[in-house]
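Computed from a predicted structure; not experimentally measured. Note that ligands are numbered from 1 as they come in the structure, with each ligand's atoms numbered from 1 the same way.
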Amino acid sequence: MCGIVGYVGPRASEKALDVVMEGLGRLEYRGYDSAGVALVAPDGVETRKRAGKLANLRAAIEEADLPETATAIGHTRWATHGGPTDQNAHPHRGGRDGKLALVHNGIIENFHSLKGRLESEGVQFTSETDTEVVAHLLSAAFERSGDLTTAMRETVADLHGAFTLLAVHSDQPDVVVGARRNSPLVVGLGEGENFLGSDVAAFIGHTRHALELGQDQIVTITPDTYEVVNFDGTPSDGKAYEVTWDAAAAEKSGYDTFMEKEINDQPHAVADTLLGRTDAEGNLTLDELHIDVEELRAVTKIVIVACGTAAYAGMVAKYAIEHWTRIPVEVELAHEFRYRDPVIDERTLVVSISQSGETMDTLMAVRHAKELGARTVSICNTHGSTIPRESDAVLYTHAGPEIAVASTKAFLAQITASYILGLYLASLRGTSYGRDAAEVMAELQGIPAQIETVLAGMDRVKEIAYYMADSRSVLFLGRHVGYPVAMEGALKLKELAYIHAEGFAAGELKHGPIALIEPGQPVFVIVPSPGSEHGLHDKVVSNIQEIRARGARTLVIAEEGDEDVVPFADEVIRVPHTSPLLAPLLTVVPLQVFALHLSTAKGLDVDQPRNLAKSVTVE
Ligand code: F6R
């Protein structure tokens, strides 16, 4: 939530504004309530900010006669304290001279008491934000030391909460100072220029050399140098790495929306996540493992923590991991896990799933699990982000950057990675499924081509979406691994098309939800493979008949060749045959495509749905 960018270039360069605006364009998915920039020159700081999307700021900049500078910072906002207005937009100015500007991502929890103190000292506020408090504190600290890094160290000592801060001051026009606690900040290293960003997308058009920062650190960049210190002043090096994708991966590549591109990227997301998972002896491996394998063998319980779509990936993972490892698996929304009294000990493995690696609720759940003595594994799409950094083991998904706010390709990559984790644990524990891991991996290798097949057959789904554009409510039914797919289908529709949607376990239907069925009610049903164990296929076909008998309009997702569904389906959407546990990688795709086109049919912003932002870095 909130995207921030900082840039310092050579003194003769005038491109700071362009670099920062380009970075904000790439980070807009992190928040689009307002946007702003601050340009720094020795004779002062100039700011421009506008409520609404970045386009409003662009228009304001075009009209303005802004100074050409080599240093700038920028911000796209997801509002927390104070509405989405021009006044509350960042950057905020500090001090009476207005020489300092600050942008912020996160929440300063003690801002009320700090504000009271500043007001009693005569400071006047121009916004309702928590950020402005920090701008004034920082400005006062600068007056004492004359150095922005020292002032930042002094200021962060007074702050509670989660924050990334970037500050500039016209007395040090070649410097941008950043600070982070529980909120993301990455350094981009250029030649004669350096960058700061909420994520690497901010500067990917200029450099792929990046520097990971640790918790509670301050970084100072100038055109030729960077320096990292901990909040206590001790020096640190940061961890340099190369970004493995380039600017093209963060562009629409001819698609109308990022979401459409990302749905079509899914075969690659799965294939890349499967790459290089075996060592020279053919054993499955994780990317980073700081846990003794004996400890992994001794695990008695797995708890998966995640939010939203990632939690639905976790629900799919539960079916697979329990089946292959025989270890009990619980799945819990990360924000609930932390605030109850979970039964966790050193033989519990807590697996977090997160695309961004920065979701505050998931991060806090991981920390809580560690405090309780658990071992932690992270499944994550963002290299070097906080959750994998703080976990004992990491399995990276290789979906590439996900820019659309609604998650699609990351979901498929998360499911794929959790299968790999399940098979890895099964092989460690020597269960029969562990010995069969190679067979499952071979079947997984064939999934990308099957996703292509599903994608190639989506014309009818698109038509259905258009004629259903006026629907007021859509229900989704699934069973076994189809149940989380139903929930994910409903979530996609809610967030993209603002339509009431609910996903149910098909077996639950007669325990209540069937009362919702009235003539014309659209219901998607995800039908298990006819080869599924325990006759689940036939049970779901019976469910279709039950709702059809009550007037539901049935939209059935079923395997090629499954003719049993035909008499009871208003529409049949076909997917290729897979082993039942792997089916979500195919059955969710038509639901994503449906939500995308229904949102488009309603004329909505597919990539930036209202009220949302990617990467929820506040609780
Ligand atoms: C829904 C969606 C969210 C995220 C959730 C977790 O389309 O994108 O529900 O899945 O906020 O985010 P990460 O995976 O970054 O932890």
Side-chain angles (χ1 to χ4, degrees), residues 1-3 27 29-31 78 105 182-184 198-199 201 257-259 262-263 266 269 273 304-317 331-338 351-366 378-391 394-397 399-418 484-485 487-498 501 503 588-589 591-596 599 604-619:
M1 271 166 177
C2 299
L27 294 187
Y29 66 91
R30 301 180 69 95
W78 187 85
N105 169 23
N182 291 338
S183 203
S198 301
D199 65 51
T257 61
F258 278 110
M259 184 171 171
E262 288 162 11
I263 288 174
Q266 295 188 115
T273 300
I304 298 177
V305 290
C307 301
T309 291
Y312 298 141
M315 285 173 69
V316 174
V331 186
E332 182 137 12
L333 292 169
H335 33 91
E336 288 297 315
F337 172 80
R338 188 182 161 211
V351 178
S352 63
I353 305 182
S354 174
Q355 189 284 129
S356 61
E358 301 290 350
T359 297
M360 182 60 75
D361 292 314
T362 310
L363 172 62
M364 290 304 167
V366 170
S378 155
I379 292 179
C380 184
N381 197 44
T382 310
H383 184 103
S385 54
T386 308
I387 295 172
R389 280 176 62 94
E390 296 197 11
S391 299
V394 183
L395 212 161
Y396 280 112
T397 52
E402 194 179 61
I403 312 270
V405 165
S407 190
T408 53
K409 62 177 180 173
F411 179 64
L412 264 64
Q414 287 161 351
I415 294 174
T416 307
S418 60
V485 171
M487 312 264 271
E488 173 61 4
L491 177 61
K492 288 287 92 84
L493 200 59
K494 281 180 229 185
E495 60 183 340
L496 289 166
Y498 318 150
V588 76
V589 175
L591 302 181
Q592 298 168 334
V593 172
F594 175 72
L596 162 75
S599 170
L604 300 173
D605 188 334
V606 170
D607 287 334
Q608 297 180 347
R610 70 181 178 202
N611 304 337
L612 292 170
K614 199 136 185 103
S615 189
V616 183
T617 53
V618 294
E619 274 190 84

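When only modelled atom types and interatomic distance are considered, Lys492 and Thr309 share a side-chain donor-acceptor pair under 3.5 Å.
The closest protein non-hydrogen atom to atom 7 (O) of ligand 1 is Glu495 OE2, 2.5 Å. When hydrogens are left out, the protein atom nearest atom 12 (O) of ligand 1 is Thr359 OG1, 3.5 Å; that is the closest non-hydrogen contact. Remark: minimum distance from atom 14 (O) of ligand 1 to any protein heavy atom is reached at Gln355 N, 2.6 Å. Scanning the protein heavy atoms around atom 11 (O) of ligand 1, the nearest turns out to be Val616 CG2, 4.1 Å.
For Thr273 (side chain) and Ala269 (main-chain N/O), a donor-acceptor pair under 3.5 Å exists by modelled atom type. A donor-acceptor pair under 3.5 Å is absent between the side-chain atoms of Asn381 and the main chain of Tyr396, judged by distance alone. A donor-acceptor contact shorter than 3.5 Å is absent between the side chain of Gln592 and the backbone of Ile263. With Glu402 contributing its side chain and Ala410 its backbone, the two residues share a donor-acceptor pair below 3.5 Å.
Of the heavy atoms in Lys492, only side-chain atoms (C-beta onward) come closer than 4.0 Å to ligand 1. When heavy-atom distances to ligand 1 are checked against a 4.0 Å cut-off, Val405 comes that close only through its backbone atoms N, CA, C and O.
Near Ala310, the atoms of ligand 1 lying under 4.0 angstrom from a non-hydrogen atom of the residue are 10 (O), 14 (O). Heavy-atom contacts of Ser354 reach the following atoms of ligand 1: 13 (P), 14 (O), 15 (O), 16 (O) (cutoff under 4.0 Å). Taking every non-hydrogen atom of Gly308 and a distance limit under 4.0 Å, the qualifying atoms of ligand 1 come out as 9 (O). In the vicinity of Ala406, heavy-atom distances shorter than 4.0 Å reach the ligand 1 atoms 7 (O).
Looking at Ser385, Ala313, Ala334, Cys307 and measuring to atom 6 (C) of ligand 1, the nearest heavy atom belongs to Cys307. The residue from Ala306, Pro609, Ser356 that puts a heavy atom closest to atom 15 (O) of ligand 1 is Ser356.
No N or O atom of Lys614 sits closer than 3.5 Å to an N or O atom of ligand 1. Below 3.5 Å of separation, one finds an N or O of Thr309 facing an N or O of ligand 1.
Taking CG of Leu496 as the reference point, atom CG of Leu612 lies at 8.5 Å (rounded to 0.5 Å). Interatomic distance, Ile415 CD1 to Met315 CE, rounded to the nearest 0.5 Å: 11.0 Å.
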Can you list the steps and then say if Gln355 with Thr382 is a side chain to side chain contact (heavy atoms under 4.5 Å, CB included)? CA-CA 6 Å; Gln355 189 284 129; Thr382 310; 3.9 Å; yes
Derivation of the side chain to side chain contact (heavy atoms under 4.5 Å, CB included) call for Val366 and Ser352: CA-CA 7 Å; Val366 170; Ser352 63; 3.6 Å; yes
